[in-house]
Amino acid sequence: MSNPSLRERDAATIARIGKLRFSPLSVVGGQGNRLIEEGGRSLLDLSGSAGPAVLGYGHPAVVEAVETSVRNMAGASLLLYPNEPAVSLAERLLAITPGEGERRVWFGHSGSDANDCAVRVLQAATGRSRFISFIGSYHGNLSGSMGISGHTAMTHTLPRPGVVLLPYPDPFRPNFSGEEVLALLDYQFETTCPPHQVAAVFIEPLMSDGGLIVPPPGFLKALQERCRKHGIRIVVDEVKVGLARSGMMHCFQHEGLTPDLVVFGKGIGGGLPLSAVVGPKEIMDHAPAFALQTTAGNPVATSAGNAVLKTIESEGLVGRSARIGTLFSDALRALGAKHEIIGDVRGRGLAIGIDLVKDRVTRVPVPATTTAKIIYRGYELGAAFTYVGLKANVLEFMPPLTLTEDEVAEGVAIVDQAIADVNAGRVSDADVASFMMW
Ligand SMILES: Cc1ncc(COP(=O)(O)O)c(/C=N/[C@@H]2CCCCNC2=O)c1O
């Protein structure tokens, strides 16, 4: 009897409620921008582990920061004692995050808890209990953050009472233009959603899990202007596309937004559990002991955070994301000459999506099995990537910001071959049946 594989042991121990698996990949290590599979195979990681691995794996700056902080650990609880790494990271975040007036930083462990905190503290501090968000948005998997999300993966949970979910205008499938969405909001304000009851609007400046959608120019700015008129706060969710990934330090800077609160997660920890909310002092100082998590802001995770922000600066990762992202998306777009299934290649910087269609005229999405098969075949060919979208038809690329030109070429060749092989019927429905999870 051979020893059970990691995947078999995972199946026997890890709860399915915490899984979103796209391939049979089981990981035993990671170096640079590559993941090491059980058995020793090295795969190019184009997923960034769903975004947090902004510096890849084993980056010296993160290794050194974590090792130093854990060897002389300044406690494990910011809520009880200030610690140097957390305060330094807060100072850095305040310095790099545009905003007006005096502000404060809250630390958490995940994008979910950060948005959850933002919802709760905004309701308490403003006395307003309604929120505006978008169909397709993903703000997290805790009650509060899920309650203001609009992703199809969350239909098992009822939205928060009083939330208004607007369509997010998609230039590739203009079911609702930006103008029509704004007219819909105006109508809501005039009828069922009095604006003075709305605490905040939650915005992804680039809608990620909803399908890597870049909004039409000016839409988010116009939305902000409507909200400002009614004292409605602007919360920008930068968890997935923030911190240099979009080709600017903050993705909201592409949209000319001036947010009241900015939510960070994923990449800020470089792979360690860390999130942050930056917001006005009058909101974030609402009350002591209001949003407590014992190990949030611990010195090890925040040391990693400091290493991430310092490395973004020292390695010029903002400009690099813009440059390598353009190289990557242009090369993927060029594949469209060979593959009719490629309907649209879009994104900003190194947040890139390929919208897969049955037909370029109707733009009807391909079935999810097709998307899943391309990812499965990509895994077999040596690359890890994922899919998003409300119709599960958008290949998602969120690679480390340290991706090299050679790795772009390697990744594009694998995507090219994977699409060709799926078209040739080399992947069966049975191959992907256990990976169709959202
Ligand atoms: C814009 C945005 N905001 C908040 C979150 C929640 O972050 P956490 O999963 O760290 O709690 C996310 C997380 N997104 C999902 C996480 C589940 C797996 C699918 N891929 C994601 O990136 C997000 O994209």
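The analysis underlying the following values was restricted to heavy atoms, covering all of them including side chains, and did not include hydrogens, waters or symmetry mates. Note that this is a predicted model, so its numbers are computed, not measured. Counting starts at 1 for both ligands and their atoms, following the listed order.
Remark: Arg41 qualifies as a cation-pi partner of Tyr379 under the 6.0 Å distance and 45° angle criteria applied to the six-membered ring.
Less than 4.0 angstrom separates some heavy atom of Ser112 from each of these atoms of ligand 1: 6 (C), 7 (O), 8 (P), 11 (O). Of all atoms in ligand 1, listed by their number and element, those nearer than 4.0 Å to a heavy atom of Lys240 are 20 (N), 21 (C), 22 (O), 24 (O). Within ligand 1, the atoms closer than 4.0 Å to a non-hydrogen atom of Glu204 are 1 (C), numbered from 1 in the order shown. For ligand 1 and Ala50, the ligand atoms under 4.0 Å from any heavy atom of the residue are 22 (O). Annotation for ligand 1: atoms under 4.0 Å from non-hydrogen atoms of Asn115 are 3 (N), 4 (C). Residue His139 has at least one heavy-atom neighbour below 4.0 Å for each of these atoms of ligand 1: 3 (N), 4 (C). Each of the atoms 19 (C) of ligand 1 lies under 4.0 Å from some heavy atom of Trp438. Proximity to Leu20 (heavy-atom distance under 4.0 Å) selects the following atoms of ligand 1: 18 (C), 19 (C).
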- Residue pair Gln197, Arg130: steps toward the side-chain hydrogen bond (donor to acceptor under 3.5 Å, both in side chains) verdict: CA-CA 6 Å; Gln197 293 180 0; Arg130 288 180 183 268; 2.6 Å; yes
- Are Phe435 and Phe22 close enough, and set up right, to give a ring pair (Phe, Tyr, Trp, His ring centres under 6.0 Å), and what steps lead you there? CA-CA 5 Å; Phe435 303 116; Phe22 291 93; 8.9 Å; no
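In this structure, atom 10 (O) of ligand 1 lies nearest to the protein heavy atom Gly111 N, 3.1 Å.
The line from OG1 of Thr294 to CG of Leu78 is 11.5 Å long, rounded to the nearest 0.5 Å.
Contact annotation: for Asn141 versus ligand 1, there are no heavy atoms closer than 4.0 Å. Proximity of Ser208 to ligand 1, defined as any heavy-atom pair under 4.0 Å, is not found for any part of the residue.
Checking side-chain atoms of Ser49 against main-chain N and O of Gly51 turns up no donor-acceptor pair under 3.5 Å.
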